[in-house]
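Taking it in order: structure first as structure tokens, then the write-up.
Treat the numbers as computed from the prediction; the structure is a model and nothing was measured. Nothing fancy with the numbering, it's 1 onward along the sequence.
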Amino acid sequence: MDNASAEIAAVAARLVVDDGLEWGAAKRRAVQQLGLGSRARLPGNDELEDAVREHIAIFCADTQPRELAALRRLALTWMERLESFRPYLAGAVWHGTATRRSDIYLQLFCDDPKSAEIMLIDRGVRYAPSTVPGFRGDPVEALSLQSRCSDLDETIGVHLLVHDLGELRGALKPDARGRTPRGSLEAVRKLVAQEATA
């Protein structure tokens with residue numbers, strides 16, 4: 001990583017951790033804040049993740065573990081509610097870089113993509129639908145809602161990304177670092193149990 005890219009990663013990491021920005025938006029804003037042109041080489045996601053972990057270790061080491069554990073418990077609550085849609089936890093809450101400013105991203109793998117939306121309607125859950133890039137870059141439906149996290153005394157964004165059941169197999173392939181890119185209900189239960197005894 002060259003000096004400019006490293007500087008972009010450091011500023012973007014601060015925006016991710018302190019302001020809750022998504023990674024793409026944080027990189028673009030970092031370029032603006034640094035006064036770099038549109039041709040500046042943006043850091044990759046692995047580089048940004050390293051910078052986020054470094055920022056957390058320096059500035060949030062005393063608060064982040066508790067905040068992450070609270071978000072994982074809230075994610076588990078929603079995963080249990082959505083168990084019939086094969087939920088997987090992704091993003092910062094799964095990878096361990098989340099703070100109280102982070103949203104929760106659950107990927108659902110459904111036989112019928114509309115079934116999750118119907119369940120939310122039936123239970124009176126207010127949500128906002130949109131279309132976002134899925135994990136393979138294809139557009140998928142996202143159902144975004146707000147959920148109270150009593151442990152943090154905050155309202156947290158929960159985003160349900162609805163995938164076709166056939167995409168589940170590809171979703172479990174390891175990422176570039178050999179890690180599981182998303183966690184099943186059972187994997188998140190184990191994480192929450194480990195954090196409860198730590």
Side-chain angles (χ1 to χ4, degrees), residues 9 12-29 42-56 60 64-82 85-109 116 127-147 149 151-152 154-163 167-168 170-192 195:
R14 179 180 51 77
L15 293 168
V16 166
V17 175
D18 297 347
D19 298 343
L21 258 62
E22 297 299 321
W23 288 23
K27 291 179 194 181
R28 290 187 296 276
R29 188 171 301 171
L42 296 178
N45 286 342
D46 287 345
E47 295 162 331
L48 180 52
E49 182 179 342
D50 291 342
V52 166
R53 289 187 187 281
E54 183 177 339
H55 186 89
I56 287 170
C60 311
Q64 191 265 348
R66 183 184 70 79
E67 293 172 1
L68 173 63
L71 291 171
R72 284 179 169 166
R73 287 191 297 273
L74 181 60
L76 179 59
T77 297
W78 278 100
M79 291 176 81
E80 288 172 341
R81 290 176 187 162
L82 299 162
F85 304 111
R86 299 168 196 86
Y88 281 76
L89 178 61
V93 179
W94 169 245
H95 288 299
T97 56
T99 67
R100 68 189 315 117
R101 301 270 182 256
S102 303
D103 286 353
I104 294 169
Y105 290 87
L106 299 178
Q107 295 174 340
L108 310 180
F109 295 88
Y127 66 92
S130 62
T131 302
V132 299
F135 65 90
R136 294 188 322 186
D138 300 331
V140 298
E141 184 175 19
L143 310 172
S144 298
L145 54 99
Q146 299 291 311
S147 185
C149 180
D151 292 338
L152 297 176
E154 300 249 354
T155 299
I156 303 297
V158 179
H159 307 280
L160 312 177
L161 280 59
V162 183
H163 295 273
E167 295 180 52
L168 181 55
L172 302 179
K173 291 181 181 173
D175 66 13
R177 294 185 169 185
R179 303 172 303 183
T180 304
R182 50 199 51 85
S184 66
L185 177 56
E186 193 52 43
V188 176
R189 278 185 179 135
K190 285 179 183 174
L191 273 179
V192 169
E195 289 167 345

For His95, give me all partners under ring pair (Phe, Tyr, Trp, His ring centres under 6.0 Å), at least two apart in sequence or on another chain. none

Provide the closest heavy-atom pair for [X] versus [Y] in the form atom of the first, atom of the second, distance.
X	Y	value
Pro181	Pro174	CD-CA, 4.2 Å
Ala142	Val132	CB-CG2, 3.9 Å
Val17	Thr99	O-OG1, 3.3 Å
Cys149	Leu74	CB-CD2, 3.9 Å
Ala75	Leu89	CB-CD1, 4.0 Å

Could you state the interatomic distance from [atom1] ([X]) to [atom2] ([Y]), rounded to the nearest 0.5 Å?
X	Y	atom1	atom2	result
Arg136	His163	CZ	NE2	9.0 Å
Leu172	Ser184	CG	OG	8.5 Å
Thr155	Leu145	OG1	CG	11.0 Å
Leu185	Met79	CG	CE	5.0 Å
Glu167	Leu108	CD	CG	12.0 Å
Arg101	Cys60	CZ	SG	10.0 Å

A quick test of your reading: do over 12 heavy atoms of other residues, nucleotides or ligands sit less than 6.0 Å from CZ of Arg53?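 Result for CZ/Arg53: enclosed.
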
Is it the case that more than 12 heavy atoms not belonging to Glu54 sit under 6.0 Å from its CD atom? no

Does the side chain of [Y] come within less than 4.5 Å of [X]'s, by heavy atoms?
X	Y	value
Val140	Val162	no
Thr97	Leu68	no
Val52	Asp50	no
Leu106	Trp78	yes
Leu21	Arg29	yes
His159	Leu143	no
Leu71	Ser102	yes
Val16	Trp23	yes

Main-chain N/O of [Y] paired to [X] side chain as donor or acceptor, under 3.5 Å:
X	Y	value
Gln107	Ala171	no
Arg182	Trp94	no
Glu67	Arg100	yes
Lys27	Pro43	yes
Glu47	Gly44	yes
Asp175	Arg177	yes

Thr131/Glu141 under side chain to side chain contact (heavy atoms under 4.5 Å, CB included): CA gap, chis, key distance, verdict: CA-CA 5 Å; Thr131 302; Glu141 184 175 19; 5.6 Å; no

Please step through side chain to side chain contact (heavy atoms under 4.5 Å, CB included) for the pair Val158 and Gln146, ending with a clear verdict. CA-CA 6 Å; Val158 179; Gln146 299 291 311; over 6 Å; no

Lys/Arg-Asp/Glu bridge criterion (N-O < 4.0 Å) met for [X], [Y]:
X	Y	value
Arg179	Glu49	yes
Glu186	Lys190	no
Asp151	Arg73	yes

Can you list the steps and then say if Ser144 with Tyr127 is a side chain to side chain contact (heavy atoms under 4.5 Å, CB included)? CA-CA 5 Å; Ser144 298; Tyr127 66 92; over 6 Å; no

Near-ring test Phe109/Tyr88, centroid separation under 6.0 angstrom: yes

Mind running side chain to side chain contact (heavy atoms under 4.5 Å, CB included) on Phe135 and Leu161 for me, showing each step along the way? CA-CA 9 Å; Phe135 65 90; Leu161 280 59; over 6 Å; no

